[in-house]
Amino acid sequence: MSATTDTATTTPTTQPTTTDAGREKRLNCEQSVAKNLLFGEIVEENLFPYPAIRERDREMLGQMVEAIDGFLADKAEDFRRWDRESAQPAEFVQALRELGLFSLIIPEEFGGLALSNAAYARVLAQTSSHDSSVSLTIGAHSSIGMKGILLFGTPEQRARYLPRLATGELIAAFCLTEPGAGSDAASIRTAAKRNPDGSWTLSGEKIWITNGGIADLCTVFARTDGPEGKITAFIVETAWPGVTRGHHEDKMGIRASSTASVAFADVRVPAENVLGEVGKGFKVAMSILNNGRTGLGGGAVGGMKSLIRMAGRQAQERRQFGRPIAEFGLVRGKIAQMVVDCFAAESAVWMVAHYIDEGSEDYSVEAAISKVFASEAMQRAAYEALQIAAGAGYMRDLPYEQFVRDARILPIFEGTNEILRLYVALSGLKCVGEKLSELKSAAASIFNNPIKGFGLMTDYAERRLAQATGVGRDRVRHPLAAALRPLADDFENYATRLAGAADESLRKYRKGIADNQALQKRIADVLIDLFVGLCVVSRADATAKADPGSAAQVHAIAAVFTRQARQRMSRNLRRITHNDDAAVEAIAAGALERGGYSWDVI
Ligand SMILES: Cc1cc2nc3c(=O)[nH]c(=O)nc-3n(C[C@H](O)[C@H](O)[C@H](O)COP(=O)(O)OP(=O)(O)OC[C@H]3O[C@@H](n4cnc5c(N)ncnc54)[C@H](O)[C@@H]3O)c2cc1C
C-alpha cells in the first residue's frame with residue numbers, strides 16, 4: 001500500500017477534484033512543488049487556485065468544532081491544574097473517547113469518522129486552541145501511533161485493531177526513539193529475533209514515548225537481522241508479557257500529556273504483527289512521520305490563533321501612559337506579525353494536507369517545510385504574546401507562560417527542525433545533482449548517441465541557460481489580483497535565483513555539499529520562504545476573491561510576508577558565497593576545545 005491516507009484513492013497522475021466554487025482542480029500527484037523550485041520551476045497546478053476544504057469535511061467540522069469548544073471551553077482552570085500536577089485524569093481521557101476524538105481518521109467501515117488530512121489538522125487546531133496536552137494525547141494516537149496500520153496494515157490487522165482504536169478502547173503510541181538513537185533513528189538497537197514458529201522475540205527500550213504511560217498498542221521499530229540488520233515495524237500490545245512502562249516524565253511543557261519509556265523484555269510478537277514488509281521498517285517510520293506532520297502544523301496554528309486573541313484583548317485592556325498599550329506602534333507591530341505568521345503557517349499546512357488528501361506521491365519535502373515554518377511561527381507568537389502581557393504574562397496565573405513551555409517541544413519532536421532543514425535541502429539538491437550527472441554523461445555520450453545526448457542536454461541545460469539570461473523565468477499564469485501580481489513576480493525571481501545557486505553549489509562542492517550544513521541551511525531557508533510564500537499568495541488570492549471585504553487585509557498580509565521573505569532570501573542567497581563560515585567554525589572550535597567561554601572583565 002502506498003504512503004497515502006486511507007481516504008485517498010489510488011491515484012492517476014492528475015486527478016480531477018471539485019474544489020472552490022465548483023471549479024475542477026487538477027493536482028499533479030507526481031510532482032513536488034518544492035523540488036521543482038530548485039530547478040526554478042513553479043508547479044502551478046499544485047499551488048493555484050488555493051484548495052477549498054471538501055464539502056463533507058466542512059459539514060463535519062462545523063459540528064466537531066462546536067462539540068470540542070462545548071466540552072473544552074470551560075476547562076481552562078483544569079488544564080492549568082493538570083499542567084502543574086503533570087497528569088491527565090483517566091475520566092478526562094474517557095470523555096475524549098466518548099467525544100470520538102480517537103476515531104478521527106479511521107475509515108467509517110471500522111467505526112471511524114474518516115476525516116481527511118485537512119479536516120484532521122483542523123480538529124487538532126481546535127483542541128490546541130484550548131490545551132496542547134489534549135492535542136498530544138489524541139494526536140500521538142492518530143498522527144503516528146496507529147497511522148502505520150492505516151498506511152501499511154494488512155486487511156486482518158485493520159479488521160483486528162481499527163474498530164477498537166476508533167472507540168479508544170485501544171490507545172496507540174509510536175515507539176522509535178531510544179537512549180542512543182534520537183535524530184539518528186536508523187541506529188536503534190532494539191532487536192527482534194525470528195523464532196522457528198515464525199513469531200519474533202522483541203527486546204529493547206524506547207524512551208520519551210508520547211502516550212507511553214497509557215497506550216495499549218504500540219508501533220515499535222526494531223532491528224531484525226542482528227546489530228547491523230534492517231529495521232522492521234511491529235504492532236505490539238502493551239498487555240503482552242514482557243512489556244513494561246516507565247514513570248510519567250516530568251517535562252517542561254505539555255506536562256499533562258503522557259510521556260514515558262516503554263521497555264520490551266523478550267516479548268513474543270506473533271508473525272502476523274509485522275507491519276509492512278520485514279526489513280522495510282525505516283520506510284514505514286518515515287512514511288508515518290511525513291503523513292502525520294500536518295497534525296502538528298494544525299496544532300501550532302490553533303495555538304497561534306488563541307495567542308492572537310489573548311494578546312489582542314490584553315493589549316486593549318492594559319493601560320500605560322494613559323492609554324491602552326494596543327495604541328502603541330511596537331505592540332501593534334507584534335500583533336500584526338503574529339497574524340502574518342499565522343496566515344502563512346495555515347496556508348502552508350493546509351496546502352500540504354491537500355496534497356496528502358489528493359494522493360500526492362511526493363510531498364515529504366513540503367510536509368517538512370510546513371512543520372519547520374509552523375513550529376517556529378508558534379515559538380515567535382508565544383514569545384511575543386507573553387512580551388505583550390509582560391510581567392503579568394510571566395506569572396503563572398495567566399496562560400502565556402504555559403503556551404511558551406508547551407510550544408517549545410514543536411521544533412524538537414517528529415524530527416528536529418535542524419534535521420528537517422537538512423532533509424529539505426538535500427532531497428531537493430539530490431534531484432538537481434541527478435540532472436547534473438545526467439548532463440555530464442549526456443555530454444560524454446553525445447558522440448556515441450547524439451540524439452539521446454542532445455535530448456538530455458536540451459532538457460536541463462537549455463532551461464538553465466534561458467533562466468540565466470532572464471528569458472526562461474517560470475511565470476505564474478493564474479489570474480491573480482493586481483495587488484498580488486508583484487508578489488508572485490518576487491517569488492518567480494527568487495525561484496530562478498535559487499536554481500542558479502543550487503546549480504553552482506553542486507558544481508563547486510560536488511559530494512562535499514553533504515558536509516556543508518551552513519550551505520544546506522541557506523538553501524533550505526530559501527526553499528521554505530519560496531514554498532510558504534507561494535502558498536500565501538495563492539491563499540490570499542482565493543480568500544480575497546471569495547470574500548472581497550477581506551481583500552485589503554489579506555493582500556496586506558501577503559505583501560508583508562513577501563517583503564520579509566524577500567529580505568531573508570536575498571540574505572541567504574548572498575551568504576552562499578559571501579559568508580563568515582570559516583570564522584564561525586573557528587569560534588565553535590575554540591569554545592569546544594576550551595570547554596566554554598574564555599573571557600572575563602576582571
Ligand atoms: C515530549 C517528547 C515527546 C516525544 N514523543 C516521542 C514519541 O512519541 N515517539 C518517539 O519515537 N519519540 C518521541 N520523542 C523523541 C523525539 O522525537 C526526539 O527527542 C527527537 O527525534 C530528537 O532526538 P534527541 O532528543 O535524541 O536529539 P539528538 O538527536 O541527540 O539531537 C540533539 C541536537 O543535535 C542536533 N543534531 C543531531 N544530529 C544532527 C545532524 N546530523 N546535523 C545537525 N544537527 C544535528 C539536533 O537537531 C538537536 O538540536 C519525544 C520527545 C519528547 C521530548
Side-chain angles (χ1 to χ4, degrees), residues 83 86 88 132-133 135-148 171-190 204-215 217-222 231 233-234 236 238 245-264 281-282 284-290 292-293 295-296 299 368 371-372 375-376 379 405-426 513-522 524-525 584-585 588 592:
D83 168 68
S86 189
Q88 212 167 41
S132 299
S133 285
S135 293
L136 255 282
T137 305
I138 58 179
H141 171 84
S142 294
S143 295
I144 52 177
M146 47 135 267
K147 180 64 76 64
I171 290 179
F174 176 85
C175 298
L176 180 61
T177 304
E178 299 180 1
S183 298
D184 184 10
S187 68
I188 55 170
R189 314 306 294 177
T190 293
E205 190 195 8
K206 301 290 180 177
I207 58 166
W208 304 332
I209 302 306
T210 307
N211 285 349
I214 57 170
L217 178 145
C218 297
T219 300
V220 183
F221 298 88
I231 292 171
F234 296 91
V236 178
T238 55
R245 297 190 281 218
H247 63 270
H248 182 105
E249 295 286 355
D250 187 11
K251 304 188 291 284
M252 170 186 180
I254 49 166
R255 287 171 53 77
S257 76
S258 159
T259 308
S261 60
V262 184
F264 308 92
F282 195 71
V284 172
M286 294 306 121
S287 300
I288 292 171
L289 290 169
N290 284 331
R293 292 206 202 290
L296 188 153
K371 189 269 190 178
V372 170
S375 60
E376 291 176 5
Q379 305 299 301
R405 288 187 285 107
D406 286 353
R408 191 61 188 85
I409 189 61
L410 298 176
I412 294 175
F413 64 9
E414 296 194 20
T416 68
N417 285 12
E418 289 79 16
I419 295 295
L420 292 179
R421 277 193 165 86
L422 302 180
Y423 176 75
V424 165
L426 289 176
I513 208 160
D515 298 322
N516 191 339
Q517 293 198 338
L519 170 64
Q520 290 167 41
K521 179 174 184 300
R522 291 177 188 120
D525 282 340
V584 168
E585 168 50 34
L592 291 167

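Residue numbers count from 1 along this sequence. No hydrogens, no waters, no symmetry mates; every other heavy atom, side chains included, goes into these values. Ligands are counted one by one from 1 in listed order, and the atoms in each one are counted from 1 as well. This is a predicted model, so every value here is computed, not measured.
The protein non-hydrogen atom at the shortest distance from atom 42 (N) of ligand 1 is Gln517 NE2, 3.0 Å. Atom 14 (N) of ligand 1 has its closest protein heavy atom at Trp208 O, 3.3 Å. Scanning all protein heavy atoms for the shortest distance to atom 8 (O) of ligand 1 gives Thr210 N, 3.0 Å. Remark: minimum distance from atom 53 (C) of ligand 1 to any protein heavy atom is reached at Ile409 CD1, 3.4 Å. Closest protein heavy atom to atom 38 (N) of ligand 1: Ile419 CD1, 3.6 Å. Nearest to atom 44 (N) of ligand 1 among the protein's heavy atoms is Glu418 CB, 4.2 Å. Counting only heavy atoms of the protein, atom 22 (C) of ligand 1 lies nearest to Thr416 CG2, 3.6 Å. The protein non-hydrogen atom at the shortest distance from atom 17 (O) of ligand 1 is Thr177 OG1, 3.7 Å.
For Glu178 and Thr190, the side-chain atoms include at least one donor-acceptor pair closer than 3.5 Å.
Interatomic distance, OG of Ser287 versus NZ of Lys147, reported as 10.5 Å (0.5 Å rounding). Summarising the geometry, atom CD belonging to Glu414 is positioned 10.5 Å from atom OG belonging to Ser375; distances are rounded to the nearest 0.5 Å. One finds the CG atom of Leu136 at 8.5 Å from the CG atom of Leu296 (value rounded to the nearest 0.5 Å). Note that the OG1 atom of Thr259 and the CH2 atom of Trp208 stand 11.0 Å from one another [nearest 0.5 Å]. Distance check, rounded to the nearest 0.5 Å: OH of Tyr423 to NZ of Lys371 gives 14.0 Å.
Within 6.0 Å of CZ in Arg405 there are more than 12 heavy atoms belonging to other residues, nucleotides or ligands.
Counting only heavy atoms, the protein gets under 4.0 Å from atom 3 (C) of ligand 1. The nearest protein heavy atom to atom 47 (O) of ligand 1 is closer than 4.0 Å. In this structure, atom 32 (C) of ligand 1 has no protein heavy-atom contact shorter than 4.0 Å.
Between Leu176 and ligand 1, at least one pair of N/O atoms sits closer than 3.5 Å. Between Phe174 and ligand 1, at least one N/O pair is under 3.5 Å apart. Of the polar atoms of Thr259, none of the N or O atoms is found under 3.5 Å from an N or O of ligand 1, judged by distance alone.
For the residues Ala173, Gly182, Ser183, Ala181, the heavy atom positioned nearest atom 28 (P) of ligand 1 is part of Ser183.
Residues Phe221 and Phe282 place their aromatic rings such that the two centres sit no closer than 6.0 Å.
Of all atoms in ligand 1, numbered sequentially from 1 with element shown, those under 4.0 Å from a heavy atom of Ile412 are 20 (C). Below 4.0 Å from some heavy atom of Ile209 lie the following atoms of ligand 1, by number and element: 7 (C), 8 (O), 9 (N), 10 (C), 11 (O). Short contacts between ligand 1 and Lys251, defined as distances under 4.0 Å to a heavy atom of the residue, involve ligand atoms 1 (C).
Contact check on Arg421 versus Glu376 returns a salt bridge, with a Lys/Arg side-chain nitrogen under 4.0 Å from an Asp/Glu carboxylate oxygen. Using a 4.0 Å cut-off between charged side-chain N and carboxylate O, Asp250 and Arg255 make a salt bridge.
Contacts between Asn211 and ligand 1, counted as non-hydrogen atom pairs separated by less than 4.0 Å, are absent for every part of the residue. In Glu249, neither the side chain nor the backbone holds a heavy atom less than 4.0 Å from any atom of ligand 1.
Contact check for Leu422 versus Glu418: no side-chain heavy atoms found under the 4.5 Å cut-off. The closest side-chain heavy-atom distance from Cys218 to Thr238 is below 4.5 Å.
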